[in-house]
Amino acid sequence: MIDNRELPIGFTMELAQHSDVLNQFAKLPRQEQNTLIEGAKQVRSRDEMRNYVENMFR
């Protein structure tokens, strides 16, 4: 289960736009999810967040 309180809002919004990425993210072990969440916290723009999410599993 993903705890939305710890997810950056832009990350959440981009995941909602990319259901395939969201499904892959949800299947990851908690430790790997946390690593991606920490990376998302470093993103500073909407375009950068979109690129981050679109490229998480490439």
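The 12-atom threshold is not exceeded at CD of Gln17, counting heavy atoms of other residues, nucleotides or ligands nearer than 6.0 Å.
Considering only residues two or more places apart in sequence or on other chains, Val21 meets the side chain to side chain contact (heavy atoms under 4.5 Å, CB included) condition with Leu15, His18, Val53, Met56, Phe57.
Of the inter-residue distances, the one linking Phe25 atom CZ with Ile37 atom CD1 reads 4.0 Å to the nearest 0.5 angstrom. The distance from atom CD of Gln33 to atom CD of Gln31, rounded to the nearest 0.5 Å, is 10.5 Å. With rounding to the nearest 0.5 Å, the separation of CD in Glu6 from OG1 in Thr12 is 10.0 Å.
Heavy atoms only, all atoms of each residue included: Glu48 and Arg44 are closest at OE1-N, 3.6 Å.
Although no hydrogens or angles enter the test, the distance criterion places no donor-acceptor pair under 3.5 Å between the side chain of Glu14 and the main chain of Met49. A donor-acceptor contact shorter than 3.5 Å links the side chain of Tyr52 to the backbone of Leu36.
Counting only residues at least two apart or in different chains, salt bridge (charged side-chain N to carboxylate O under 4.0 Å, His left out) contacts with residues 34-43 comprise Glu38-Lys41.
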